[in-house]
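Heads up, the thing below is written out as structure tokens.
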Amino acid sequence: MTGPSRATLAVPLAIACATLVACASAPAPRIDAASAAVVVDVPAIARPAGETPAWWYRSGAARAAGNGAMGGRAKNVIVFLGDGMSLTTVAAARIFAGQQAGNPGEEHLLAWEHFPATAFSKTYNTDAQTPDSAGTMTAVATGVKTHIGAIGVSAGGHNDCAQSRGNRLQGWLALAADAGMGTGIVTTARLTHATPAATYAHVPNRNWESDATLPDAARAAGCTDIASQFIDFVRDRGAPQVVLAGGARAFLPAEEVLPGVRGKRRDGRNLVAEWQALHPEGAFVHDTRQFEAARGASPVLGLFESSHMQYEHDRDRGPEGEPDLEAMTRFAIESLARNDAGYVLLVESGRIDHANHEGNAYRALDETVAMSRAVQAAVDMTSADDTLIVVTADHSHVLNFAGYPRRGNPILGKVHEKGDGPALDALGLPYTTLSYANGPGYPGASATQPEGPKRHYHAAKGVVAAAGRPDLSSVDTTHPDYMQEALVPLESETHGGEDVGIWARGPGSAAFRGTLEQNVIYHVIVQATPALRERLCAIGNCDPAGVPVELPSLEAGRRGSVPR
């Protein structure tokens, strides 16, 4: 293609124009009053060379507007992100939950599976078929696809600090804060981990969580670590009002400041103390007792673990332990609902991903069911008339659901097709319904566990080839610590590259349909929430139809910077 022509996205042309080439131009943006669909002019490009940040933003806006997102009138937005929640994980967790309730399981539905709107999300990064959580969440949070490992910046060098400083992107958390809305982050992962970090930080490499992991070259070029950027975000925008997460170590100096927590910072800064100085009226909490005592306080910062929060299966449920995802979700909604201007809340079930990486299906499914309880809490506490709830995943995993198990067969068990005995493979050995294509569940001997079935947690180092498949006849594969067999030995199971699901209810949710590029999620949220899109229009980022189509500047939208 020699030069940029113009293409148009409209609802009737959504499929034909999916590649944004060979579509006729429209004379001007226009609104279809009957469907709330809006036609947005988008340049045709040669891909991937022409995929600039501005193009990703505009093309995402076009698809959302074409699907009718501009018709939404959401006051509040809650985004639930199941990290690594593949469609296989959802299907297996559905059965797992149903069987826990004493039913066959297949007929069960998780909370979000009752939602009226569904779609598929294409998760690839700009430089990777199989993505990571940083680039994918940046697409969801900013409307722009980017490279693997990128946090809040458009595509560029993975360690190029200087370049990244010119590539910083504005996300909906900052936009909501600038619009006067309430904002919150709830996650079972570290606050500095990829998913939550993508809502407030800007680095080309997700590993720069504290100054201890920030390269000298990046520091010299003016980059700062993710934890310190969180404090900068709080200082600059007075948000978020509610933060409940793990990951205290990145915020504390290299000494034991909190019980059982030794910080990692080398610069001597205590970022928790800095947060408290910014919010002397606020509450910092580190365990369930403090969490419960903080009800009614605002703002609230909770950091419950040195690293990630505990798996739901392993969680300390006492007063010195930590709350579950449902309790944190309820807390956040109760707090943010006091803002008459509405709110935007991210809730991440971060440890679905970690359990899959560790080759342990029990914990992956258990974490997914815990997220279902949190989603149901949000449904119970809000109205579909004014609150858009979106449930999705950032990427998939290589969990397999296979064999021909009979109806009601234990999802974590061995395959039984009929009769009393298990189904056998070609070697005469039983096998499980769930397995992994790769990961630490490979049955060969390692430096830490002998040949045969592996138990969680398995550090798969020094692995040797297995003599064959293990005999599972006397192995309880439903045990929470049983690790499903993996075909390819790896220290950590990998992500998968297939599409993930999107489920939604509330104003604007009908725009989630078909197969969407992942960055379109941002645009549906922004277009369906008047306070967000009006903020972008106020700083000159909208077309004549009021659709935010121009890539916003990170600085332009800050509170007080709108031209009067």
Exercise. May I ask you to check whether over 12 heavy atoms, not counting those of F120, lie within 6.0 Å of atom CZ?
Key: no
Practice problem: Decide yes or no for I411 and R94: does some side-chain heavy atom of the first lie under 4.5 Å from some side-chain heavy atom of the second? | Solution: no
Practice problem: Check whether any side-chain heavy atom of V77 sits under 4.5 Å from a side-chain heavy atom of M181, and report yes or no. | Solution: no
Practice problem: Using a strict 4.0 Å threshold on nitrogen-to-oxygen distance, state whether E367 and R363 make a salt bridge. | Solution: no
Self-check item: Carboxylate-amine/guanidinium proximity below 4.0 Å for E517 and K145
Solution: yes
Practice problem: Mind running side chain to side chain donor-acceptor pair (under 3.5 Å) on T183 and Q241 for me, showing each step along the way? | Solution: CA-CA 6 Å; T183 53; Q241 286 75 44; 3.3 Å; yes
Exercise. May I ask you to decide if the ring planes of F304 and F291 are parallel, tilted or perpendicular, using 30° and 60° as cut-offs?
Key: perpendicular
Quiz item: Under 30°, 30 to 60°, or over 60°: which ring-plane class applies to H495 and H357, parallel, tilted or perpendicular?
Solution: tilted
For [X] and [Y], indicate whether the former's side chain and the latter's backbone hold a donor-acceptor pair under 3.5 Å.
X	Y	value
T392	G501	yes
S372	L110	no
E322	Q310	yes
N339	A341	yes
E493	N438	no
R58	D41	yes
H147	G156	yes
H202	G152	yes
N76	T387	no
H308	R190	yes

Can you tell me if [X] and [Y] form a side-chain donor-acceptor pair at under 3.5 Å?
X	Y	value
R206	T138	no
S396	E498	yes
Y57	N519	no
S133	H395	yes

Exercise. Please say which of V391, I521, D394 ends up in a side-chain contact (heavy atoms from CB on, under 4.5 Å) with L81.
Key: D394
About how many Å separate [atom2] of [Y] and [atom1] of [X], when rounded to the nearest 0.5 Å?
X	Y	atom1	atom2	result
T118	I502	OG1	CD1	9.0 Å
T126	W56	OG1	CH2	8.0 Å
I78	T382	CD1	OG1	5.0 Å

Self-check item: Centroid separation H354 to H193 less than 6.0 Å
Solution: yes
